[in-house]
Amino acid sequence: MNELLAWLRRRSDGDLLPWPAQREAARRFATSSAAVEAVALANDLLPARYQRNRAMLSIAQQQRLFGSCAAVVGCGGLGGYVLEQLSRLGVGRLIAIDPDIFVEHNLNRQLLATIANLGRPKALAAAERIAAINPAVTVTALPQAFGPDNGARLLQGADIVIDCLDSVRVRLALADCCAALGVPLVHGAIAGWYGHICTVFPGDPSLNHIYPPAAADKGAEQQLGNPSFTPALIASLEAAEVCKVLLSEGAPLRDRMLTVDLREMDFEQIDW
């Protein structure tokens with residue numbers, strides 16, 4: 001490691017490590033981009049891709065994000081944007097969970113949906129996209145359906161979970177699984193012009209306030225549809241919540257829900 005660190009210091013621009021140097025170090029020392037990034041951050045060298053983060057995140061905070069693992073359940077409208085933003089932010093390990101393939105009606109709103117990806121598994125497309133954005137991020141792609149029986153296995157190692165599902169039944173099972181594992185859950189949902197978001201810590205009854213026992217399995221999106229902009233916004237808010245929780249920074253939406261009405265441009269907080 002000492003030899004690698006010395007090589008990185010020689011090729012850094014001050015405390016910034018350019019991507020070509022990071023890539024060459026991985027080749028030269030027969031290791032991964034992730035391993036190179038871990039050494040750099042541990043020794044106060046900031047990969048240059050993160051230099052616009054530094055006004056709000058210290059190198060120590062960037063290192064903490066890189067050492068974290070986030071599981072994104074659902075890689076469609078919300079999940080594709082969440083995965084993209086977390087990889088650009090520098091969360092070092094991502095778990096992408098989704099059993100579905102891309103179909104044509106996904107093209108209006110899902111970041112990962114392209115003509116070339118039609119018929120391909122969403123989780124695998126997510127891993128490819130992240131590799132093209134930030135090869136230092138380790139992605140585990142799981143093209144499987146989340147359920148009570150396999151939830152603990154699918155979420156193994158996650159420090160935080162992001163709910164990007166479209167089924168009330170499955171997201172309630174996800175909340176139960178996260179509570180049992182002691183892992184915080186960031187919940188988001190969208191329908192037409194509208195969306196909401198909250199963060200659920202283990203033991204919090206937040207989703208029970210949102211979804212009564214008789215709630216339909218599919219939400220209002222079945223009647224209201226989903227345009228391109230609503231998932232992008234709610235996913236951004238979810239990514240911000242993930243950053244705050246992982247860094248113990250700011251005030252997450254705990255014991256409260258943020259509702260968004262983009263038609264009237266109205267944002268409201270509801271406390272439990």
Side-chain angles (χ1 to χ4, degrees), residues 32-35 65-103 106 109-114 116-190 199-200 202 207 217-218 231 234-235 238-239 241-242 245-246:
S32 65
S33 296
L65 289 176
F66 186 72
S68 299
C69 177
V72 179
V73 187
C75 301
L78 288 173
Y81 283 104
V82 170
L83 286 161
E84 170 114 354
Q85 293 183 33
L86 295 183
S87 66
R88 291 186 185 276
L89 182 65
V91 175
R93 288 175 293 144
L94 296 173
I95 303 171
I97 303 169
D98 197 310
D100 293 336
I101 61 173
F102 287 109
V103 294
N106 300 148
R109 70 196 182 283
Q110 297 190 13
L111 180 67
L112 301 176
T114 65
N117 277 340
L118 292 179
R120 299 192 62 224
K122 294 181 179 181
L124 299 183
E128 282 187 9
R129 171 77 175 182
I130 292 167
I133 294 169
N134 190 348
V137 173
T138 301
V139 184
T140 302
L142 301 175
Q144 303 173 45
F146 179 91
D149 295 335
N150 65 359
R153 174 177 60 81
L154 296 180
L155 302 179
Q156 185 175 6
D159 300 302
I160 191 167
V161 176
I162 304 91
D163 169 14
C164 299
L165 293 159
D166 61 1
S167 162
V168 172
R169 175 183 56 81
V170 179
R171 63 173 29 122
L172 290 174
L174 177 62
D176 288 343
C177 184
C178 289
L181 295 173
V183 177
L185 170 70
V186 177
H187 162 67
I190 53 176
T199 295
V200 185
L207 292 195
D217 185 50
K218 295 293 184 178
I234 299 300
E238 287 191 287
E241 287 292 286
V242 170
V245 172
L246 290 178

Mark yes or no for whether [X], through its side chain, and [Y], through its backbone, hold a donor-acceptor pair below 3.5 Å.
X	Y	answer
Arg93	Thr140	no
Arg171	Leu165	yes
Glu238	Gly188	yes

Once you round to the nearest 0.5 Å, how far does [atom1] of [X] lie from [atom2] of [Y]?
X	Y	atom1	atom2	answer
Asp100	Asn106	CG	CG	8.0 Å
Asp159	Leu246	CG	CG	6.5 Å
Thr138	Phe66	OG1	CZ	6.5 Å
Asn117	Ile101	CG	CD1	11.0 Å

Side chain to side chain contact (heavy atoms under 4.5 Å, CB included) involving [X] - partner list, sequence neighbours excluded:
X	result
Ala175	Leu185, Leu207
Ala70	Leu86, Val91, Leu94, Ile160, Ile162
Gln144	Leu142, Asn150, Arg153, Leu154
Ala180	none

Closest approach of [X] to [Y] (non-hydrogen atoms, all atoms of both residues):
X	Y	answer
Ala239	Gln85	CB-OE1, 3.5 Å
Ala152	Cys177	N-SG, 3.6 Å
Leu124	Ala141	CD2-CB, 3.8 Å
Leu111	Gly80	CD2-O, 3.8 Å
Ala96	Cys75	CB-SG, 3.8 Å
Val161	Ala158	CG2-CB, 4.3 Å

Quiz item: So which pairs with a foot in residues 69-88 pass salt bridge (Lys or Arg N to Asp or Glu O under 4.0 Å), sequence neighbours left out?
Solution: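 The answer is Glu84-Arg88, Glu84-Arg129.
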Practice problem: Would you list the pairs meeting side-chain hydrogen bond (donor to acceptor under 3.5 Å, both in side chains) in which at least one residue belongs to residues 67-81, sequence neighbours left out? | Solution: none
Self-check item: Side chain to side chain, Ile95 and Cys69, heavy atoms closer than 4.5 Å
Solution: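 Sidechains of Cys69 and Ile95: in contact.
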Practice problem: Please lay out, stage by stage, how Val200 and Cys178 fare under the test side-chain contact (heavy atoms from CB on, under 4.5 Å). | Solution: CA-CA 9 Å; Val200 185; Cys178 289; over 6 Å; no
